[in-house]
Enquirer: 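Quick one: the structure is below, and I'll ask about it shortly.
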Amino acid sequence: MQVALMVPCYIDMFYPHVGIATLELLERLGVDVVYPKEQTRCGQPMANSAGMTGANFVVAETGAIVVATNEGNADLSANTPPLHICSVGIEKIIPTTESLAVFIRLLARSAIGDTITQYTSTFRGPRKGAAMHVILVDNGRSARLGMKRFWHSLKCIRCAACMNTCPVYRRSGGLSYGSTYMGPIGIIMMPTFEIRKYSELFFSSTLNGSCTNVCPVKIDIHEQIYGWREVMEENDQIQVVKKEAMRVADEVLSHPALYQVATTTLSTALEVIPHFAVYNRLNAWGKYRDVPEAARETFHEWYRNHRPKTDEVPAA
Ligand code: SF4
């Protein structure tokens, strides 16, 4: 493989050893490294080629491409090279500039809790002497629009509020989803691209509904996650092991006495379980995680000991 090594100006001037280490590492990996001598600064390759952006909205009334960022990176990509390529999903098209005002406020408020992003850039054509190409991407969106139960996901404005509130996302991080779009919105979008590949994604949710509560465009996210689970079941896409685990969980959680026995047994088991049973090469789970230490007393036990006269649950 041949790779062009581009050394940013600050590495060139202040940290040349980083460039040397990178070069040596690539060479050791068998890469054929090319060092274009004409580069004079980090922006040089980009300034000579093309810059790519997405778009948060496209205004049908004026043809304006609107990109909201907090770093100004879209402006650099659009304004420095001689070619600006904008790739945007067809669901991002909104009717008028008036509606843009609403959406921009909605986006900033839900994404960063502010009234507007640091940069809200509008591109209505190429710069003088430059070129601009806009690619309108369908990639399954039209098909999703025809799904009565799931088309609402097309309303998403990518504010990420659903991710920031999701307990699974907050604990596991975006990469754990193994998909381009992550978090609750990723869970309901990805299967429309490839149903079989993402058949396990729907279980990365507790269905607590927090995502639905915060969504500014009112997508019924947790209802859709549940709906997709049903679709997976109907299409026989759920693994046998998971189905069996669910059946056992159903049994245990529907019988209080069984639940009490299970929690007590599990606490004891966690204390005596041999180290190798969890941390071995066959168990990917244990590779990066620690089994939590069980509390000496469960809440059930504490309640029994401290509140002997447990009140009956009042009738609704
Ligand atoms: S689903 Fe709603 S909350 Fe989540 S990113 Fe999209 S618009 Fe934001």
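In what follows, every heavy atom counts, from backbone to side chain, and hydrogens, waters and symmetry copies are set aside. When a residue number appears, it is its place in the shown sequence, counting from 1. Numbering of ligands and ligand atoms starts at 1, following listing order.
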Enquirer: Please check if atom CG in L175 has more than 12 non-hydrogen atoms from other residues, nucleotides or ligands closer than 6.0 Å.
Expert: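 Count not over threshold, so no.
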Enquirer: Side chain to side chain donor-acceptor pair (under 3.5 Å) with T206: which residues, sequence neighbours excluded?
Expert: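 T206 satisfies side chain to side chain donor-acceptor pair (under 3.5 Å) with N208 only.
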Enquirer: List the residues meeting ring pair (Phe, Tyr, Trp, His ring centres under 6.0 Å) with F202, not counting sequence neighbours, and say none if there are none.
Expert: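 In terms of ring pair (Phe, Tyr, Trp, His ring centres under 6.0 Å), with neighbours along the sequence ignored, F202 is linked to W228.
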Enquirer: Where the side chain of R144 meets the backbone of R141, is there a donor-acceptor pair that is under 3.5 Å apart?
Expert: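 It does not hold such a pair.
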Enquirer: Can you list the residues that meet the salt bridge (Lys or Arg N to Asp or Glu O under 4.0 Å) rule with R247, with sequence neighbours excluded?
Expert: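 With neighbours one apart ignored, the set is E244.
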Enquirer: If the cut-off is 4.0 Å to any non-hydrogen atom of I221, which atoms of ligand 1 fall inside it?
Expert: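 Once the distances to I221 are compared, the set is 1 (S).
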Enquirer: Check for me: within less than 2.8 Å of atom 8 (Fe) of ligand 1, which protein N/O/S atoms show up?
Expert: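 Protein N, O or S atoms closer than 2.8 Å to atom 8 (Fe) of ligand 1: C159 SG.
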Enquirer: As a quick check of understanding, evaluate side-chain hydrogen bond (donor to acceptor under 3.5 Å, both in side chains) for D75 and S121, giving each step before the final call.
Expert: CA-CA 7 Å; D75 301 74; S121 311; 2.6 Å; yes
